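See structure below.
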Amino acid sequence: MLQEESDLSLIIAQIVQKLKGSNLYAQLERQAWGSWEKRILKSLNSMCTELSIPLARKRPVGEQKELLNKWNEMGTDEPDLSLFRPVYAPKDFLEVLINLRNPNYENGDSLSFRTHLGLIQVPLKVKDIPELKELFVELGLTTGQLGIDDSTQVPPELFENEHVRIGQKVLTEQDSAAAQQYIRQGSPTALRAELWALILNISSHPEDILYYEQLKTNVIQHDLLVDSLIYKDVKLTASNDDYYFVFEDYLYQVLLCFSRDTSVLSHFAYNSASPPKSYIRGKLGLEEYAVFYPPNGVIPFHGFSMYVAPLCFLYHEPSKLYQIFREMYVRFFFRLHSISSHPSGIVSLCLLFETLLQTYLPQLFYHLREIGAQPLRISFKWMVRAFSGYLATDQLLLLWDRILGYNSLEILAVLAAAVFAFRAVNLMEVTSLAAAEAVLADLSTLKVMPLLQIFLFATVT
Amino acid sequence: MAGKVKWVTDMEKSVLINNFEKRGWVQVTENEDWNFYWMSVQTIRNVFSVETGYRLSDDQIVNHFPNHYELTRKDLMVKNIKRYRKELEKEGSPLAEKDESGKYLYLDFVPITYMLPADYNLFVEEFRKSPSSTWIMKPCGKAQGKGIFLINKLSQIKKWSRDSKTSSFVTQSTKEAYVISLYINNPLLIGGRKFDLRLYVLVSTYRPLRCYMYKLGFCRFCTVKYTPSTSELDNMFVHLTNVAIQKHGEDYNHIHGGKWTVSNLRLYLESTRGKEVTSRLFDEIHWIIVQSLKAVAVNASPSLTSSTANDRILKYNLINDTLNIAVPNGEIPDCKWNKSPPKEVLGNYEILYDEELAQGDGADRELRSRSGQSLGPKASRLRDAGRTVLTTWK
């Protein structure tokens, strides 16, 4: 009897704690996101006022025709974008995250958090290496991997051929769950496009193509201020990239439609953020006149187009490319620029990264901190972009295979830590933030799977 | 100075000079005793010309073969390929096999081409068979896209006609020689743009043929979207991929210069079209290169000017690997060298074709090892899936 009672009270205590915790986090999230959202909107509105451009306007018929003709080569357009600036850049967002505080700190979830010396000051629960090894068990040393066991020195009979055969079988049977399990070991290049579509449950039915065409019509008929921001972002980032410059025109076709897609709003149901609202002119504050702006509720920031760019290596049919990107966004990418306590949210990823470094590479961590080069200041931009534009495309696709396979973004934090571990020797010798940045400036030669494997499975813990 | 290679060059290119210096080679002038001379095209001509030329001694190497201009001029290249094909046919070689419509099965890699003004009438006959076709005119002796233009009407090339009115005022020899080829107006496009391939091939010996392909070739993209529309035939930014041309386009971007590595291309093609098709494509590219070399057709002077920082690094490494193969171990050259270099020195080159290895097992091996690499699973794949496999060959 006594045992039951104490069990019961333990359970109750846990439930209470959980409820308390969730309330706490919800509060935290709403407050933090609320003030960040206000800032972004303010920035957008002031740009609007300064440039005397409306947030949205209907295009005159002549302009509509012109745009329709140019639909496949919007990259050749040279609008004057000099007065536009990105609404925010990743480093602005980092500052917000750094200033997040847990109001109930004393009830803190882990004692060890008091000794956390990184930039993130929110005590979220993150995994340690033993737990990561359990999660990423298929990346272990004894399991075959694409990205390691398909290199030219390894005879294909040992792993690659069989792996390809299994992949083809999974596709024939259209088994989405099996595909997700399979892809943890990486996808063969020829099967990747189909596998991702299978895992994301994307199939191109006529209604999907029609939906995309409707969005396109929307773009033709209305001009949005965010369009200029999208143009600017593409011109600044993807157009200058060695791999993605070729796909510039596809990026406009996807992103302009994306910003008008109200179905994206539904992801806010599980995103603790809320879509930014604007009001019809003259009706400020009146809820009946509130609209979401942009229509999909997502304000692009500097580098946003890089979420789409790698996908162009896989899909060249615009409506398919669009669907895949949209699904990747509402499943994964949105977590990289909204504030939440989710384990795949950017806050958790930052904390995971810092904790891994501090726990397993303490000397390096302290050294960098000493010289004013907090590691997160360097790795943040990699994680926000899911490494797009930093890794070679084939490596990036192998990494994103695992994001899909494990349905988690935690691998981004692990890779970031693994990169630091890899370059530790050089980093120990630098004496400034700029020098540390220089050591980590070029990731284009890195092979991600060996790095991850060594960090997780071959480091003494 | 025992043992140090003595080098000369008449080209002030850092990618060359840095490579020579890092090997500790000694710079000399062309009047002194030299072992290695990296010559510009003009100098090569002089060295090998009948009047002003001289014989190289046994310890001297230069960077071009004497017959290189046979290979650079487009008209000579076309002549060589046509002649090569006829020779093989005469020998009864299986390589020269044709299909029912008279097309070569394995050697059909040059579009219909004529020399102008010499073949003008033949060309007109062909043109009239499909009057809506587009043809590309290329000056025989120029490079870097200079002087190229497209035509779709006979009137556009009137002055090459043998009996044109102008010829009575102008002698034949001052009419510049051109080749005219059927224009391939449905090229593979990426991102809607046309691109070409810049591949580096090193030929270390001709007899036996030993050649290497640099793994790090690249693709050059047009800045403008491709359109076969006849209204854009004059727009060279749509049709010609040469950097020298594209560099002057408004959209030319100096950070990446409109280039992809060949491995990017491979990744893209495998991802979007599948592995088999892509492997076959690359096999066929290698095949064309080897056959062209055999017919003696190579461009003499790749640009050593670097357009971007990445480009400079690429060319430095390219020259480095080239020198490691051509002058192994930094030893003084000896014309009696005949061994294949060991695998370790290849760097980023891979063996494209080694005639000695290939001849070991007879000519049928040559057909089966079309890719020029050592036999492996790829070698057994033949061109058209529909054709019967060559096991039926006698």
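Quick caveat: nothing in here was measured; it's all calculated off a predicted structure. A note on names: the letters A, B, ... follow the listed sequences, proteins ahead of strands, and every chain is numbered from 1.
Surrounding CD1 of B:Ile184 are at most 12 heavy atoms belonging to other residues, nucleotides or ligands under 6.0 Å away. Remark: A:Lys381 NZ is packed, more than 12 non-hydrogen atoms of other residues, nucleotides or ligands lying under 6.0 Å away. Within 6.0 Å of atom NZ in A:Lys169, 12 or fewer heavy atoms from other residues, nucleotides or ligands are found, so the atom counts as exposed in its surroundings.
Qualifying side-chain hydrogen bond (donor to acceptor under 3.5 Å, both in side chains) partners for A:Ser444, counting only residues two or more places apart in sequence or in other chains: A:Asp442. Among residues two or more places apart in sequence or in another chain, the salt bridge (charged side-chain N to carboxylate O under 4.0 Å, His left out) test is passed with A:Arg385 by none.
Atom CZ of residue B:Arg193 and atom CD of residue A:Glu73 lie 10.0 Å apart, to the nearest 0.5 angstrom. Taking CG of A:Leu397 as the start and CG of B:Leu267 as the end, the distance is 6.0 Å to the nearest 0.5 Å.
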For residues 185-197 of chain A, tabulate all N or O donor-acceptor pairs below 3.5 Å that involve a side-chain atom, not counting sequence neighbours.
from, atom 1, to, atom 2, distance (Å)
A:Gln185, NE2, A:Gly144, O, 2.9
A:Ser187, OG, A:Arg192, N, 3.4
A:Thr189, OG1, B:Glu270, OE1, 2.6
A:Arg192, NE, A:Asp401, OD1, 3.0
A:Arg192, NE, A:Asp401, OD2, 3.4
A:Arg192, NH2, A:Ser187, O, 3.3
A:Arg192, NH2, A:Asp401, OD2, 2.9
A:Trp196, NE1, A:Asp401, OD1, 2.9

Can you list the steps and then say if B:Tyr268 with A:Tyr243 is a ring-ring contact (aromatic ring centres under 6.0 Å, His included)?
CA-CA 10 Å; B:Tyr268 176 80; A:Tyr243 302 95; over 10 Å; no

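In this structure, B:Trp260 and A:Val246 approach most closely via the heavy-atom pair NE1-CG2, 3.7 Å.
Between chain A and the residues B:Ser271, B:Ser263, B:Gly274, the largest count of heavy-atom pairs under 4.5 Å involves B:Ser271.
Near-neighbour residues of residues 302-316 of chain A relative to chain B, defined by a heavy atom under 4.5 Å from a heavy atom of that chain, comprise A:Cys312, A:Phe313, A:Leu314, A:His316.
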